[in-house]
There are 2 protein chains.
Amino acid sequence: MTNNSRHDLPPSMGSAMGVTYRKLAMYMQHHLKQYDITPEQLTVLLGIGDSEGLIQKEIAQRARKDHPTTTRILDQLEGKGLIRKQQGERDRRSFLVFSTDKAKEVAEAGRLHEEDLKNEILECISAEEYDMLMELLNRIGEHFSEVNKE
Amino acid sequence: MTNNSRHDLPPSMGSAMGVTYRKLAMYMQHHLKQYDITPEQLTVLLGIGDSEGLIQKEIAQRARKDHPTTTRILDQLEGKGLIRKQQGERDRRSFLVFSTDKAKEVAEAGRLHEEDLKNEILECISAEEYDMLMELLNRIGEHFSEVNKE
DNA sequence: GCCATATATTTGTTAATACAACTATTTTTA
DNA sequence: TAAAAATAGTTGTATTAACAAATATATGGC
(Lines give C-alpha, C1' and ligand atoms only; values in the text may rest on other atoms or scores of the structure.)
Protein backbone atom coordinates (compact mmCIF):
# COMPACT_ATOMS: atom_id res chain seq x y z
CA MET A 1 0.00 0.00 0.00
CA THR A 2 1.19 3.53 -0.68
CA ASN A 3 2.37 5.93 1.94
CA ASN A 4 -0.70 7.35 3.62
CA SER A 5 1.05 9.19 6.43
CA ARG A 6 -0.20 12.63 5.44
CA HIS A 7 -3.68 11.92 4.18
CA ASP A 8 -5.37 13.09 7.35
CA LEU A 9 -4.14 16.65 7.25
CA PRO A 10 -6.72 18.81 9.00
CA PRO A 11 -8.58 20.79 6.37
CA SER A 12 -8.17 24.53 6.37
CA MET A 13 -11.07 26.66 7.53
CA GLY A 14 -11.63 27.79 3.97
CA SER A 15 -11.90 24.26 2.69
CA ALA A 16 -14.09 23.11 5.58
CA MET A 17 -16.42 26.05 5.20
CA GLY A 18 -16.69 25.47 1.46
CA VAL A 19 -17.64 21.85 1.94
CA THR A 20 -20.35 22.65 4.48
CA TYR A 21 -21.63 25.67 2.56
CA ARG A 22 -22.16 23.56 -0.55
CA LYS A 23 -24.13 20.99 1.43
CA LEU A 24 -26.45 23.66 2.77
CA ALA A 25 -26.80 25.09 -0.74
CA MET A 26 -27.64 21.65 -2.10
CA TYR A 27 -30.30 21.16 0.57
CA MET A 28 -31.93 24.43 -0.41
CA GLN A 29 -31.56 23.71 -4.11
CA HIS A 30 -33.43 20.45 -3.80
CA HIS A 31 -36.27 22.04 -1.89
CA LEU A 32 -36.51 25.08 -4.17
CA LYS A 33 -36.53 23.06 -7.35
CA GLN A 34 -40.33 22.86 -7.28
CA TYR A 35 -40.46 26.67 -7.63
CA ASP A 36 -37.88 26.69 -10.42
CA ILE A 37 -35.45 28.92 -8.54
CA THR A 38 -32.00 28.42 -7.03
CA PRO A 39 -30.81 29.38 -3.53
CA GLU A 40 -28.94 32.43 -4.84
CA GLN A 41 -31.93 33.54 -6.87
CA LEU A 42 -33.99 33.28 -3.67
CA THR A 43 -31.41 35.38 -1.83
CA VAL A 44 -31.96 38.12 -4.39
CA LEU A 45 -35.76 37.81 -4.21
CA LEU A 46 -35.67 38.03 -0.42
CA GLY A 47 -33.31 40.99 -0.71
CA ILE A 48 -35.90 42.76 -2.80
CA GLY A 49 -38.58 41.81 -0.28
CA ASP A 50 -41.57 44.08 -0.58
CA SER A 51 -39.58 47.02 -1.87
CA GLU A 52 -40.64 48.03 -5.35
CA GLY A 53 -38.54 50.15 -7.67
CA LEU A 54 -35.13 49.43 -6.16
CA ILE A 55 -32.20 49.92 -8.46
CA GLN A 56 -29.82 47.06 -9.09
CA LYS A 57 -27.07 48.61 -7.02
CA GLU A 58 -29.31 48.56 -3.94
CA ILE A 59 -30.33 44.97 -4.62
CA ALA A 60 -26.69 43.96 -4.94
CA GLN A 61 -25.95 45.47 -1.52
CA ARG A 62 -28.89 43.76 0.12
CA ALA A 63 -28.08 40.38 -1.39
CA ARG A 64 -24.35 40.90 -0.73
CA LYS A 65 -23.49 40.10 -4.33
CA ASP A 66 -21.31 41.99 -6.75
CA HIS A 67 -22.82 43.88 -9.64
CA PRO A 68 -22.12 41.46 -12.49
CA THR A 69 -23.58 38.60 -10.48
CA THR A 70 -26.62 40.70 -9.61
CA THR A 71 -27.15 41.59 -13.26
CA ARG A 72 -27.08 37.95 -14.29
CA ILE A 73 -29.35 36.71 -11.51
CA LEU A 74 -31.86 39.48 -12.21
CA ASP A 75 -31.76 38.50 -15.89
CA GLN A 76 -32.68 34.95 -14.90
CA LEU A 77 -35.46 36.14 -12.62
CA GLU A 78 -36.77 38.33 -15.43
CA GLY A 79 -36.72 35.37 -17.80
CA LYS A 80 -38.80 33.44 -15.30
CA GLY A 81 -41.32 36.23 -15.04
CA LEU A 82 -40.47 37.00 -11.42
CA ILE A 83 -39.25 40.56 -11.87
CA ARG A 84 -39.54 43.37 -14.36
CA LYS A 85 -36.89 45.96 -15.10
CA GLN A 86 -37.69 49.51 -16.09
CA GLN A 87 -35.15 52.09 -17.11
CA GLY A 88 -34.92 54.98 -14.65
CA GLU A 89 -36.34 58.29 -15.77
CA ARG A 90 -34.35 60.54 -13.47
CA ASP A 91 -31.17 58.53 -14.12
CA ARG A 92 -31.27 56.60 -17.34
CA ARG A 93 -28.15 54.60 -16.42
CA SER A 94 -30.08 52.68 -13.79
CA PHE A 95 -32.91 50.21 -13.86
CA LEU A 96 -35.76 50.05 -11.39
CA VAL A 97 -36.79 46.55 -10.42
CA PHE A 98 -40.37 45.51 -9.76
CA SER A 99 -41.40 42.07 -8.59
CA THR A 100 -44.47 40.21 -9.79
CA ASP A 101 -47.15 38.58 -7.67
CA LYS A 102 -45.64 35.25 -8.60
CA ALA A 103 -42.31 36.45 -7.19
CA LYS A 104 -43.93 37.36 -3.89
CA GLU A 105 -45.45 33.89 -3.62
CA VAL A 106 -42.17 32.20 -4.51
CA ALA A 107 -40.23 34.38 -2.08
CA GLU A 108 -42.60 33.55 0.77
CA ALA A 109 -42.43 29.84 -0.01
CA GLY A 110 -38.65 30.07 -0.18
CA ARG A 111 -38.51 31.90 3.13
CA LEU A 112 -40.36 29.01 4.75
CA HIS A 113 -37.79 26.61 3.31
CA GLU A 114 -35.04 28.74 4.83
CA GLU A 115 -36.78 28.22 8.16
CA ASP A 116 -36.80 24.51 7.45
CA LEU A 117 -33.07 24.72 6.81
CA LYS A 118 -32.56 26.38 10.16
CA ASN A 119 -34.63 23.71 11.89
CA GLU A 120 -32.68 21.00 10.14
CA ILE A 121 -29.41 22.56 11.33
CA LEU A 122 -30.87 22.69 14.84
CA GLU A 123 -31.16 18.90 14.66
CA CYS A 124 -27.39 18.67 15.10
CA ILE A 125 -26.39 21.83 16.99
CA SER A 126 -28.05 23.77 19.79
CA ALA A 127 -29.77 27.13 19.42
CA GLU A 128 -26.89 28.75 21.30
CA GLU A 129 -24.40 27.14 18.96
CA TYR A 130 -26.46 28.29 15.97
CA ASP A 131 -26.39 31.88 17.13
CA MET A 132 -22.69 31.68 17.89
CA LEU A 133 -21.99 30.18 14.46
CA MET A 134 -23.87 32.98 12.75
CA GLU A 135 -22.07 35.55 14.84
CA LEU A 136 -18.64 34.06 14.13
CA LEU A 137 -19.35 33.89 10.40
CA ASN A 138 -20.39 37.52 10.34
CA ARG A 139 -17.41 38.62 12.42
CA ILE A 140 -14.96 36.76 10.17
CA GLY A 141 -16.73 38.06 7.08
CA GLU A 142 -16.40 41.65 8.25
CA HIS A 143 -12.77 41.15 9.20
CA PHE A 144 -11.88 39.77 5.79
CA SER A 145 -13.84 42.50 4.03
CA GLU A 146 -11.19 44.80 5.47
CA VAL A 147 -8.23 42.47 5.06
CA ASN A 148 -9.02 41.74 1.42
CA LYS A 149 -9.00 45.45 0.61
CA GLU A 150 -5.32 45.84 1.49
CA MET B 1 -38.48 56.84 -0.73
CA THR B 2 -39.62 53.29 -1.34
CA ASN B 3 -40.77 50.92 1.34
CA ASN B 4 -37.68 49.53 3.03
CA SER B 5 -39.41 47.74 5.85
CA ARG B 6 -38.10 44.29 4.97
CA HIS B 7 -34.60 45.04 3.73
CA ASP B 8 -32.96 43.92 6.93
CA LEU B 9 -34.14 40.34 6.88
CA PRO B 10 -31.57 38.23 8.70
CA PRO B 11 -29.68 36.22 6.11
CA SER B 12 -30.10 32.49 6.17
CA MET B 13 -27.23 30.36 7.41
CA GLY B 14 -26.62 29.20 3.87
CA SER B 15 -26.33 32.69 2.53
CA ALA B 16 -24.18 33.89 5.45
CA MET B 17 -21.84 30.94 5.13
CA GLY B 18 -21.52 31.46 1.40
CA VAL B 19 -20.58 35.11 1.83
CA THR B 20 -17.91 34.33 4.42
CA TYR B 21 -16.61 31.30 2.56
CA ARG B 22 -16.05 33.35 -0.57
CA LYS B 23 -14.11 35.95 1.40
CA LEU B 24 -11.78 33.31 2.82
CA ALA B 25 -11.39 31.83 -0.67
CA MET B 26 -10.55 35.24 -2.08
CA TYR B 27 -7.92 35.79 0.61
CA MET B 28 -6.28 32.50 -0.31
CA GLN B 29 -6.61 33.18 -4.01
CA HIS B 30 -4.76 36.47 -3.73
CA HIS B 31 -1.93 34.88 -1.77
CA LEU B 32 -1.67 31.80 -4.00
CA LYS B 33 -1.63 33.78 -7.22
CA GLN B 34 2.18 33.96 -7.12
CA TYR B 35 2.31 30.16 -7.40
CA ASP B 36 -0.24 30.10 -10.21
CA ILE B 37 -2.69 27.89 -8.33
CA THR B 38 -6.15 28.41 -6.86
CA PRO B 39 -7.36 27.52 -3.35
CA GLU B 40 -9.22 24.45 -4.62
CA GLN B 41 -6.22 23.30 -6.61
CA LEU B 42 -4.18 23.61 -3.39
CA THR B 43 -6.78 21.53 -1.56
CA VAL B 44 -6.20 18.75 -4.07
CA LEU B 45 -2.41 19.08 -3.87
CA LEU B 46 -2.54 18.90 -0.06
CA GLY B 47 -4.89 15.94 -0.33
CA ILE B 48 -2.28 14.14 -2.38
CA GLY B 49 0.36 15.11 0.16
CA ASP B 50 3.36 12.86 -0.08
CA SER B 51 1.39 9.90 -1.35
CA GLU B 52 2.50 8.84 -4.81
CA GLY B 53 0.40 6.69 -7.11
CA LEU B 54 -3.01 7.43 -5.63
CA ILE B 55 -5.93 6.90 -7.96
CA GLN B 56 -8.30 9.75 -8.68
CA LYS B 57 -11.06 8.24 -6.60
CA GLU B 58 -8.86 8.35 -3.49
CA ILE B 59 -7.83 11.91 -4.23
CA ALA B 60 -11.47 12.92 -4.60
CA GLN B 61 -12.25 11.46 -1.17
CA ARG B 62 -9.33 13.19 0.48
CA ALA B 63 -10.12 16.56 -1.10
CA ARG B 64 -13.85 16.05 -0.47
CA LYS B 65 -14.68 16.80 -4.09
CA ASP B 66 -16.83 14.87 -6.50
CA HIS B 67 -15.31 12.94 -9.36
CA PRO B 68 -16.00 15.33 -12.23
CA THR B 69 -14.53 18.22 -10.24
CA THR B 70 -11.50 16.13 -9.33
CA THR B 71 -10.96 15.19 -12.95
CA ARG B 72 -11.02 18.80 -14.02
CA ILE B 73 -8.76 20.08 -11.25
CA LEU B 74 -6.24 17.30 -11.90
CA ASP B 75 -6.31 18.23 -15.57
CA GLN B 76 -5.40 21.78 -14.63
CA LEU B 77 -2.63 20.63 -12.31
CA GLU B 78 -1.30 18.40 -15.06
CA GLY B 79 -1.34 21.31 -17.48
CA LYS B 80 0.74 23.30 -14.99
CA GLY B 81 3.27 20.50 -14.67
CA LEU B 82 2.37 19.79 -11.05
CA ILE B 83 1.15 16.23 -11.45
CA ARG B 84 1.47 13.37 -13.89
CA LYS B 85 -1.19 10.75 -14.62
CA GLN B 86 -0.37 7.19 -15.53
CA GLN B 87 -2.89 4.57 -16.54
CA GLY B 88 -3.17 1.76 -14.03
CA GLU B 89 -1.71 -1.57 -15.04
CA ARG B 90 -3.72 -3.77 -12.70
CA ASP B 91 -6.90 -1.81 -13.43
CA ARG B 92 -6.78 0.03 -16.70
CA ARG B 93 -9.90 2.07 -15.89
CA SER B 94 -8.00 4.02 -13.27
CA PHE B 95 -5.17 6.53 -13.36
CA LEU B 96 -2.35 6.73 -10.86
CA VAL B 97 -1.32 10.25 -9.94
CA PHE B 98 2.26 11.29 -9.24
CA SER B 99 3.28 14.76 -8.12
CA THR B 100 6.34 16.60 -9.31
CA ASP B 101 9.01 18.27 -7.19
CA LYS B 102 7.50 21.58 -8.19
CA ALA B 103 4.17 20.40 -6.78
CA LYS B 104 5.76 19.55 -3.47
CA GLU B 105 7.28 23.02 -3.24
CA VAL B 106 4.00 24.69 -4.18
CA ALA B 107 2.04 22.54 -1.72
CA GLU B 108 4.39 23.41 1.13
CA ALA B 109 4.23 27.12 0.29
CA GLY B 110 0.45 26.87 0.09
CA ARG B 111 0.29 25.10 3.42
CA LEU B 112 2.10 28.02 5.01
CA HIS B 113 -0.45 30.39 3.51
CA GLU B 114 -3.22 28.28 5.04
CA GLU B 115 -1.51 28.83 8.38
CA ASP B 116 -1.49 32.53 7.62
CA LEU B 117 -5.22 32.30 6.93
CA LYS B 118 -5.76 30.69 10.32
CA ASN B 119 -3.71 33.39 12.02
CA GLU B 120 -5.64 36.07 10.21
CA ILE B 121 -8.92 34.52 11.38
CA LEU B 122 -7.51 34.45 14.91
CA GLU B 123 -7.22 38.24 14.68
CA CYS B 124 -10.99 38.46 15.06
CA ILE B 125 -12.02 35.32 16.99
CA SER B 126 -10.40 33.40 19.86
CA ALA B 127 -8.66 30.05 19.53
CA GLU B 128 -11.56 28.46 21.40
CA GLU B 129 -14.04 30.03 19.01
CA TYR B 130 -11.93 28.86 16.06
CA ASP B 131 -12.01 25.27 17.26
CA MET B 132 -15.72 25.47 17.96
CA LEU B 133 -16.39 26.93 14.52
CA MET B 134 -14.47 24.11 12.86
CA GLU B 135 -16.31 21.56 14.95
CA LEU B 136 -19.73 23.04 14.19
CA LEU B 137 -18.96 23.17 10.46
CA ASN B 138 -17.94 19.53 10.47
CA ARG B 139 -20.95 18.47 12.52
CA ILE B 140 -23.36 20.30 10.23
CA GLY B 141 -21.57 18.95 7.18
CA GLU B 142 -21.92 15.38 8.39
CA HIS B 143 -25.55 15.89 9.29
CA PHE B 144 -26.40 17.23 5.85
CA SER B 145 -24.44 14.48 4.16
CA GLU B 146 -27.11 12.19 5.59
CA VAL B 147 -30.07 14.53 5.12
CA ASN B 148 -29.24 15.22 1.48
CA LYS B 149 -29.24 11.51 0.72
CA GLU B 150 -32.91 11.10 1.59
C1' DG C 1 -20.83 74.60 -22.39
C1' DC C 2 -16.76 71.20 -22.47
C1' DC C 3 -13.93 67.83 -20.77
C1' DA C 4 -12.51 64.82 -17.12
C1' DT C 5 -14.31 61.93 -13.84
C1' DA C 6 -17.61 59.17 -11.55
C1' DT C 7 -21.44 55.99 -11.65
C1' DA C 8 -24.86 52.10 -13.20
C1' DT C 9 -24.89 48.37 -15.68
C1' DT C 10 -23.31 44.79 -18.92
C1' DT C 11 -20.23 41.46 -21.06
C1' DG C 12 -16.20 38.29 -21.40
C1' DT C 13 -13.23 35.16 -19.11
C1' DT C 14 -11.86 31.77 -15.76
C1' DA C 15 -12.92 28.72 -11.92
C1' DA C 16 -15.52 25.49 -9.18
C1' DT C 17 -19.30 22.38 -8.68
C1' DA C 18 -23.74 19.53 -9.03
C1' DC C 19 -26.03 16.50 -11.92
C1' DA C 20 -26.74 13.51 -15.76
C1' DA C 21 -25.10 10.90 -19.42
C1' DC C 22 -21.41 8.61 -21.46
C1' DT C 23 -17.11 5.39 -22.35
C1' DA C 24 -14.07 1.93 -20.95
C1' DT C 25 -13.03 -1.66 -18.10
C1' DT C 26 -13.69 -5.01 -14.45
C1' DT C 27 -16.42 -8.03 -11.63
C1' DT C 28 -20.43 -10.68 -10.69
C1' DT C 29 -23.77 -13.94 -11.68
C1' DA C 30 -26.72 -16.97 -13.85
C1' DT D 1 -18.49 -18.31 -20.37
C1' DA D 2 -21.81 -14.71 -21.79
C1' DA D 3 -24.67 -11.21 -20.12
C1' DA D 4 -25.54 -8.01 -16.41
C1' DA D 5 -24.00 -5.00 -13.02
C1' DA D 6 -20.59 -2.28 -10.94
C1' DT D 7 -16.71 0.85 -11.13
C1' DA D 8 -13.21 4.63 -12.80
C1' DG D 9 -13.11 8.30 -15.21
C1' DT D 10 -14.71 11.92 -18.65
C1' DT D 11 -17.71 15.24 -20.81
C1' DG D 12 -21.78 18.40 -21.32
C1' DT D 13 -24.71 21.73 -19.15
C1' DA D 14 -26.25 25.11 -15.72
C1' DT D 15 -25.26 28.07 -11.81
C1' DT D 16 -22.60 31.27 -9.24
C1' DA D 17 -18.82 34.26 -8.58
C1' DA D 18 -14.50 37.31 -9.09
C1' DC D 19 -12.12 40.27 -11.96
C1' DA D 20 -11.34 43.21 -15.87
C1' DA D 21 -12.96 45.84 -19.44
C1' DA D 22 -16.57 47.94 -21.91
C1' DT D 23 -20.82 51.07 -22.62
C1' DA D 24 -23.92 54.58 -21.44
C1' DT D 25 -25.10 58.28 -18.75
C1' DA D 26 -24.46 61.79 -15.20
C1' DT D 27 -21.83 65.21 -12.64
C1' DG D 28 -18.02 68.28 -11.56
C1' DG D 29 -14.50 71.76 -12.47
C1' DC D 30 -13.05 75.21 -15.50
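Values below: every heavy atom of this structure, side chains too, minus hydrogens, waters and symmetry copies. Every chain is numbered from 1 and lettered A, B, ... according to where its sequence line falls, protein lines coming before strand lines.
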*Asks:* Establish, with yes or no, whether the OP1 or OP2 oxygen of dA8(D) is under 4.0 angstrom from a side-chain nitrogen or oxygen of K85(B).
*Replies:* no

*Asks:* Base, sugar-phosphate alone, or nothing: which one does Q76(B) contact when heavy atoms must sit under 4.0 Å apart?
*Replies:*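 Sugar-phosphate: the residue Q76(B), judged by heavy atoms under 4.0 Å, touches backbone atoms but no base.
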
*Asks:* Please classify the nucleic acid contact of S94(A) as base, sugar-phosphate, or nothing, using heavy-atom distances under 4.0 Å.
*Replies:*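 S94(A): backbone/sugar contact only, no base atoms under 4.0 Å.
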
*Asks:* Nearest to the side chain of D91(A) - dT25(D), dA8(D), dT9(C)?
*Replies:* dT25(D)

*Asks:* Measure NZ/K65(B) against C1'/dC19(C) and give the value in whole Å, please.
*Replies:* 16 Å

*Asks:* Just the rounded figure in Å: distance from P of dT9(C) to CD1 of I59(A).
*Replies:*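 So the two atoms are 8 Å apart, to the nearest Å.
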
*Asks:* Between C1' on dA18(D) and CG on L32(B), what's the gap in Å once rounded to a whole number?
*Replies:* 15 Å

*Asks:* Check every strand shown and say whether D66(A) touches a base, only sugar-phosphate, or nothing at a heavy-atom separation below 4.0 Å.
*Replies:*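 Touches a base.
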
*Asks:* In whole Å, what is the span from the CZ atom of R72(A) to the P atom of dA14(D)?
*Replies:*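 Taking CZ of R72(A) and P of dA14(D), I get 15 Å after rounding.
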
*Asks:* Test your reading of the model: is there a side-chain donor-acceptor pair from N138(B) to the backbone of A16(A), 3.5 Å cut-off?
*Replies:* no

*Asks:* Can you find an N or O donor on one side and an acceptor on the other, under 3.5 Å apart, linking the side chain of R93(B) with the base of dT7(D)?
*Replies:*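 Yes, a donor-acceptor pair under 3.5 Å.
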
*Asks:* Do the side-chain N or O atoms of K57(A) get closer than 4.0 angstrom to the phosphate oxygens (OP1, OP2) of dT9(C)?
*Replies:* no

*Asks:* Starting at CD of E40(B) and ending at C1' of dA18(C), how long is that distance when rounded to a whole Å?
*Replies:* 14 Å

*Asks:* In terms of the nearest nucleotide of DNA chain C, which residue is placed more toward the 5' end: F95(A) or R22(A)?
*Replies:* F95(A)

*Asks:* Given that Q87(B) and D75(A) both sit by DNA chain C, which one's nearest nucleotide is further toward the 5' end?
*Replies:* D75(A)

*Asks:* Which part of the nucleic acid, if any, lies within contact of T71(A), taking any heavy atom under 4.0 Å across all strands shown: a base, the sugar-phosphate backbone alone, or nothing?
*Replies:*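 Base: the residue T71(A), judged by heavy atoms under 4.0 Å, touches a nucleobase.
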
*Asks:* Under 3.5 Å, is there a donor-acceptor pair between the side chain of K102(B) and the main chain of G81(B)?
*Replies:*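 A pair under 3.5 Å: no.
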
*Asks:* Using a cut-off of strictly less than 4.0 Å, decide whether Q29(A) has a side-chain nitrogen or oxygen near OP1 or OP2 of dA14(D).
*Replies:*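 No, outside the criterion.
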
*Asks:* Determine whether the aromatic ring centres of H113(B) and Y27(B) lie less than 6.0 Å apart.
*Replies:* no

*Asks:* Tell me which nucleotide among dT17(C), dC19(C), dA18(D) gets nearest to the side chain of T69(A).
*Replies:* dA18(D)

*Asks:* When you measure from the side chain of K85(A) to the backbone N and O of L96(A), does any donor-acceptor pair fall under 3.5 Å?
*Replies:* no

*Asks:* Expressed in angstrom and rounded to an integer, what is the separation of R92(A) atom CZ from dT27(D) atom P?
*Replies:*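 Rounded to the whole Å, the gap is 12 Å.
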
*Asks:* Starting at atom CD of E58(B), determine the distance to atom P of dG9(D), rounded to an integer number of angstrom.
*Replies:*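 Going from E58(B) (CD) to dG9(D) (P), I get 9 Å.
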
*Asks:* Would one find a side-chain N or O of H30(B) under 4.0 angstrom from OP1 or OP2 of dC19(D)?
*Replies:*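 Looking at the OP1 and OP2 atoms of dC19(D), one of them is under 4.0 Å from a side-chain N or O of H30(B).
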
*Asks:* Between S126(B) (side chain) and E129(B) (backbone), is there a donor-acceptor pair under 3.5 Å?
*Replies:*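 Flag set: sc S126(B) to bb E129(B) pair under 3.5 Å.
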
*Asks:* Roughly how many Å is it from CG in L24(B) to P in dA17(D), rounded to a whole number?
*Replies:*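 To the nearest whole Å, that distance equals 15 Å.
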
